[in-house]
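What follows is a set of notes on a single structure, which appears directly below.
If you read the sequence from its start, that first residue is 1, and numbering goes on from there.
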Amino acid sequence: MKIFAFKNLAFSVALACSVCTAAAQELKTEVFDFLNLDYPGLEKVKELHSQGKDADAASALLEYYRARKNVKAPEINVDKITISKDEQKWADEALEHTFFSHKGYQPSFNYGQDIDWQYWPVKDNELRWQLHRHKWFTPMGKAYRLSGDEKYAKEWVLQYMDWIKKNPLLKIDKKEYELVNDGKLKGDYENMRFAWRPLEVSNRLQDQTSQFVLFLPSPSFTPEFLTEFLLNYHKHALHIMANYSDQGNHLLFEAQRMLCAGSFFPEFKEAAEWRRSGIDILNREIGVQVYKDGGQFELDPHYHLAAINIFWKALELADMNGYKKEFPQSYIDTVENMIMFYMNISFPDYTNPCFSDAKLTDKKEMVKNYKRWLKTFPENEAIRYMATQGKEGKLPENLSIAFKESGFFVFRNSWGMDATQMVVKAGPKAFWHCQPDNGTFELWFNGKKLFADSGSYVYAGNGEVMEWRNWFRQTRVHNTLTLGGKDLETTDSKTLLWQPEGNVQMLVTENQSYKKLKHRRSVFFVDGKYFVIVDEAVGDAKGSVNLNYQMPRGKVNNSREDMTFVTAFEPGSNMKLQCFGPEGMTMKKEEGWLSTEYRKKQKRMNVSFNVKKDSSEPVRYITVICPVKDSADAPKISAKFKSKKYDEKGLEVEVKVDGKKQVLKYGL
């Protein structure tokens with residue numbers, strides 16, 4: 001009983017301290033300097049402020065916001081609030097200061113009774129950056145609205161104020177925000193690069209609109225707190241305006257969220273400028289970051305999807321609030337092209353290839369996306385088909401398709417779950433999230449992905465975090481060719497030939513992978529059934545040439561004698577791979593990994609076929625990949641070059657699969 005009484009006393013003291021902190025809120029009268037008091041509806045606020053009655057003016061301002069109906073926020077609908085089990089858990093844990101920061105770090109970490117916003121339990125930058133996105137705040141708001149329990153609102157106000165107090169906005173070099181490690185910054189300055197990185201600031205700009213709506217009716221949302229909130233929000237917007245990222249998806253996120261800020265709080269004097277800034281950047285960047293074929297220039301399916309939703313959200317918000325016309329038709333058409341690009345490179349189960357830093361987006365989430373996009377593009381029958389899972393609309397007319405500017409090529413014999421589909425990535429130089437993986441591919445057969453790309457696992461941090469990031473980024477853990485196992489020096493593939501029709505479909509692409517070695521990869525899709533991949537390493541470079549393949553997870557039987565790999569899965573989706581190379585070719589098996597979610601990895605086998613190159617003579621391989629339903633039906637395969645020497649202008653090979661001969665050739 002004594003222990004119980006002591007714990008209750010400690011809790012009471014802590015609660016009393018919290019209440020004191022909440023009571024320490026001040027009326028921030030300077031907020032009136034940032035508001036356009038001539039904005040319709042603020043007449044009473046203006047009058048009271050002009051009379052020096054700022055406390056009453058703040059109360060009137062709160063009444064105005066509680067009654068405001070003319071602004072629409074797409075992120076939340078107070079008439080249709082739902083909360084998932086996970087969100088309820090995050091809301092409840094947040095009451096004890098256990099904060100859901102990152103789904104890759106579960107269970108969540110506790111940040112102490114006196115919240116330590118600089119606590120960094122694992123030196124992964126993402127964990128600390130995302131702490132400052134306050135992902136648990138909106139679930140707390142949902143829990144408050146659905147339960148009516150004031151504890152959620154009271155705690156949110158306390159945490160919001162605590163964050164302001166302990167995370168001051170200081171001045172640091174803009175470059176410091178993206179440092180992999182902490183460099184020379186210490187204390188509050190070191191914390192600045194996490195708490196005030198523009199991407200996180202923009203995240204808060206957007207999410208705090210939902211939190212504002214959810215908590216606005218609460219008694220804890222006092223006039224004094226309103227002035228603190230608006231002043232802090234204004235500071236966030238000015239920080240973005242002065243510190244926009246230079247390029248990439250970060251810039252898109254920041255611009256879209258500045259549009260959100262200017263739309264949701266039109267009462268700020270600079271609101272129109274914020275909206276215009278966001279719209280101008282998005283209108284400009286959609287032409288810079290998106291190729292004419294619809295591919296986003298990071299060449300990463302996950303970030304391509306993110307970019308679609310950034311551009312689309314801006315359209316939706318503009319449409320809801322009456323200024324959609326500020327986006328030209330070319331912008332709207334480009335968003336639609338981006339959706340069609342993503343649809344074409346995705347697999348029949350709606351999932352995306354995990355090229356570069358991509359994560360796997362599941363079918364449930366993608367159906368939601370297609371339903372949202374359909375509102376903007378109701379005439380697009382393909383989007384309708386995907387949104388309704390085939391109940392309405394119709395599939396695209398094409399099967400195989402190329403996106404040559406972006407360097408994505410799709411071979412498929414149908415759109416159904418029983419399809420055989422290969423997606424090849426071989427394009428131009430890209431940006432941060434793109435890995436040195438030119439020539440890699442993913443293969444789907446009859447309901448299963450057989451050759452998944454490696455993914456990324458983690459992004460940035462210190463020590464072990466960077467070791468794992470570098471492991472997943474390296475070229476040799478992709479389905480492509482390397483010299484001495486080293487990363488590509490150049491990723492800028494050129495498409496030499498694309499033939500998507502007929503019984504033999506072809507792709508020929510070439511990359512000057514190293515200063516003295518170029519890699520030509522020719523892919524043949526034969527009879528809609530199997531693939532022949534010819535890899536030719538050409539140049540004066542010397543060393544070990546490695547043809548790398550990442551095997552499917554599960555039992556894979558192999559033979560060094562004939563260089564074969566055959567999966568031993570349950571009947572339905574299996575494959576046989578056989579590689580034919582120069583005399584002296586060896587095969588090496590290593591432990592490999594696959595990661596489709598942040599900080600989650602699964603073991604598998606990495607394989608390389610290796611040839612010692614000690615002259616300028618090209619090294620040439622033929623790989624035949626035959627998908628089969630039952631591994632017992634794996635065919636007998638043979639293959640050889642009919643053209644005895646490398647020919648810059650063409651190729652001819654002979655392949656036999658179960659005795660059926662096929663001559664594959666092209667001329668450039």
*Working to the nearest 0.5 Å, report the span between CG of Leu305 and OH of Tyr303.*
11.0 Å
*In terms of heavy-atom contacts, does CD of Glu379 have more than 12 from other residues, nucleotides or ligands at under 6.0 Å?*
no
*To the nearest 0.5 Å, how far apart are CZ in Phe451 and CH2 in Trp444?*
15.0 Å
*Between Arg372 and Glu365, does at least one N-O distance fall below 4.0 Å, as a salt bridge requires?*
yes
*Would you call Phe347 and Val423 a side-chain contact if the rule is heavy atoms closer than 4.5 Å?*
yes
*Between CG of Asn309 and CG of Leu252, what distance do you get to the nearest 0.5 Å?*
12.0 Å
*Please name the pair of heavy atoms, one in Cys434 and one in Ser356, separated by the smallest distance, quoted to 0.1 Å.*
CA-OG, 3.3 Å
*asked:* Tell me every residue that passes side chain to side chain contact (heavy atoms under 4.5 Å, CB included) with Ala402, counting only those two or more places apart in sequence or in another chain.
replied: Lys404, Phe409, Trp498
*Over all heavy atoms of both residues, which pair between Ser544 and Asn610 is shortest? Give the atoms and the distance, please.*
OG-CB, 4.1 Å
*Residues that Asp630 engages under side chain to side chain contact (heavy atoms under 4.5 Å, CB included), provided they are two or more places apart*: Pro571, Ala632, Asp633
*Would a 4.5 Å heavy-atom cut-off, applied to side chains only, mark Asn344 and Phe403 as touching?*
yes
*Going by heavy atoms in the side chains, are Leu507 and Phe525 under 4.5 Å from each other?*
no
_Heavy-atom closest pair, residues Phe472 and Ser595_ = CE2-CB, 3.7 Å
_Qualifying salt bridge (charged side-chain N to carboxylate O under 4.0 Å, His left out) pairs, either residue in residues 453-474, two or more places apart_ = Asp357-Arg469
*For Glu652, does the CD atom have more than 12 heavy-atom neighbours from other residues, nucleotides or ligands under 6.0 Å away?*
yes
*Distance from Phe411 atom CZ to Leu399 atom CG, nearest 0.5 Å?*
12.5 Å
*For Arg384, which residues count as a salt bridge (charged side-chain N to carboxylate O under 4.0 Å, His left out) partner, sequence neighbours excluded?*
Glu381, Glu392
_Pairwise side-chain contact, Ser513 with Asn438, heavy-atom cut-off 4.5 Å (strictly under)_ = no
_Less than 6.0 angstrom separating the ring centers of Phe341 and Phe408, yes or no?_
yes
*State which residues pass salt bridge (charged side-chain N to carboxylate O under 4.0 Å, His left out) with Asp437; sequence neighbours excluded, sorted by chain then number.*
Lys425
Only distances under 3.5 Å count here; give the side-chain donor-acceptor pairs of residues 584-593 to other protein atoms, sequence neighbours excluded, each with its distance to 0.1 Å.
| from | atom 1 | to | atom 2 | distance (Å) |
| --- | --- | --- | --- | --- |
| Lys589 | NZ | Asn558 | OD1 | 3.2 |
| Glu590 | OE1 | Arg476 | NH1 | 3.0 |
| Glu591 | OE2 | Lys603 | NZ | 3.3 |

_Does either side chain, that of Asp535 or that of His519, offer a donor lying less than 3.5 Å from an acceptor on the other one?_
yes
_Min side-chain heavy-atom separation Leu443-Phe531 under 4.5 Å_ = yes
*Could you tell me which residues satisfy salt bridge (charged side-chain N to carboxylate O under 4.0 Å, His left out) with Lys363, sequence neighbours excluded, listed by chain and number?*
none
*Taking the six-membered ring for Trp and the full ring for Phe, Tyr or His, determine whether the centres of Phe311 and Phe327 are under 6.0 Å apart.*
no
_If the test is side-chain hydrogen bond (donor to acceptor under 3.5 Å, both in side chains), which one of Glu285, Gln296, His302, Glu298 qualifies with Asn249?_
Glu298
_List the residues meeting salt bridge (charged side-chain N to carboxylate O under 4.0 Å, His left out) with Lys394, not counting sequence neighbours, and say none if there are none._
none
*side chain to side chain contact (heavy atoms under 4.5 Å, CB included) between Cys626 and Val657, worked out*: CA-CA 9 Å; Cys626 290; Val657 176; 4.1 Å; yes
*Got Asn398 and Arg412 here, is their nearest side-chain heavy-atom distance under 4.5 Å?*
yes
*asked:* When you compare the side chains of Thr482 and Asn546, does any donor N or O come within less than 3.5 Å of an acceptor on the partner?
replied: yes
*Side-chain heavy-atom pair Leu481, Val545 within 4.5 angstrom cut-off*: yes
_Just verifying a value: how many Å separate Leu517 CG and Lys542 NZ, rounded to the nearest 0.5 Å?_
13.0 Å
*More than 12 non-hydrogen atoms from neighbouring residues, nucleotides or ligands closer than 6.0 Å to CD on Glu561, yes or no?*
no
*Can you list every ring pair (Phe, Tyr, Trp, His ring centres under 6.0 Å) pair that touches residues 646-668, not counting sequence neighbours?*
none
*Full working for side chain to side chain contact (heavy atoms under 4.5 Å, CB included) between Tyr350 and Thr361*: CA-CA 8 Å; Tyr350 287 66; Thr361 304; over 6 Å; no
*asked:* Which residues pass the side chain to side chain contact (heavy atoms under 4.5 Å, CB included) test with Val465, not counting sequence neighbours?
replied: Asp124, Val458
*asked:* So which atom in Pro618 and which in Val538 form the shortest heavy-atom distance, rounded to 0.1 Å?
replied: CB-CG2, 4.1 Å
*Is there a donor-acceptor contact under 3.5 Å linking the side chains of Glu254 and Ser245?*
yes
*asked:* Using every non-hydrogen atom in the two residues, find where Ser638 and Phe580 come nearest and quote the distance to one decimal.
replied: CA-CZ, 3.7 Å
*asked:* Does the Lys NZ or Arg CZ of Lys601 fall within the cation-pi geometry relative to Trp468 - under 6.0 Å from the ring centre and within 45° of the axis?
replied: yes
*asked:* Just verifying a value: how many Å separate Met386 CE and Leu395 CG, rounded to the nearest 0.5 Å?
replied: 7.5 Å
_Pairs meeting criterion salt bridge (charged side-chain N to carboxylate O under 4.0 Å, His left out) with involvement of residues 482-511, two or more places apart_ = Asp492-Lys494, Glu510-Lys518, Glu510-Arg520
*Report the C-alpha separation of Leu577 and Thr623 in whole Å, then their side-chain angles, then the decisive distance to 0.1 Å, and conclude whether the side chain to side chain contact (heavy atoms under 4.5 Å, CB included) test is met.*
CA-CA 7 Å; Leu577 177 150; Thr623 306; 3.8 Å; yes
*Side-chain contact, heavy-atom cut-off 4.5 Å: Pro635 with Tyr530?*
no
*Steps toward side chain to side chain contact (heavy atoms under 4.5 Å, CB included) verdict (Gln550, Leu594)*: CA-CA 9 Å; Gln550 318 311 310; Leu594 169 67; over 6 Å; no
*Could you verify whether a donor N or O on one side chain and an acceptor N or O on the other, from Ser406 and Asp293, lie under 3.5 Å apart?*
yes
*Lys661: what forms a side chain to side chain contact (heavy atoms under 4.5 Å, CB included) with it, not counting sequence neighbours?*
Glu654, Lys656
*Considering the options Glu597, Lys359, Gln435, His433, which one meets the side-chain hydrogen bond (donor to acceptor under 3.5 Å, both in side chains) requirement together with Ser456?*
Lys359
*Can you see which heavy atom on Pro500 is nearest to which on Ser400, and at what distance?*
O-CB, 3.9 Å
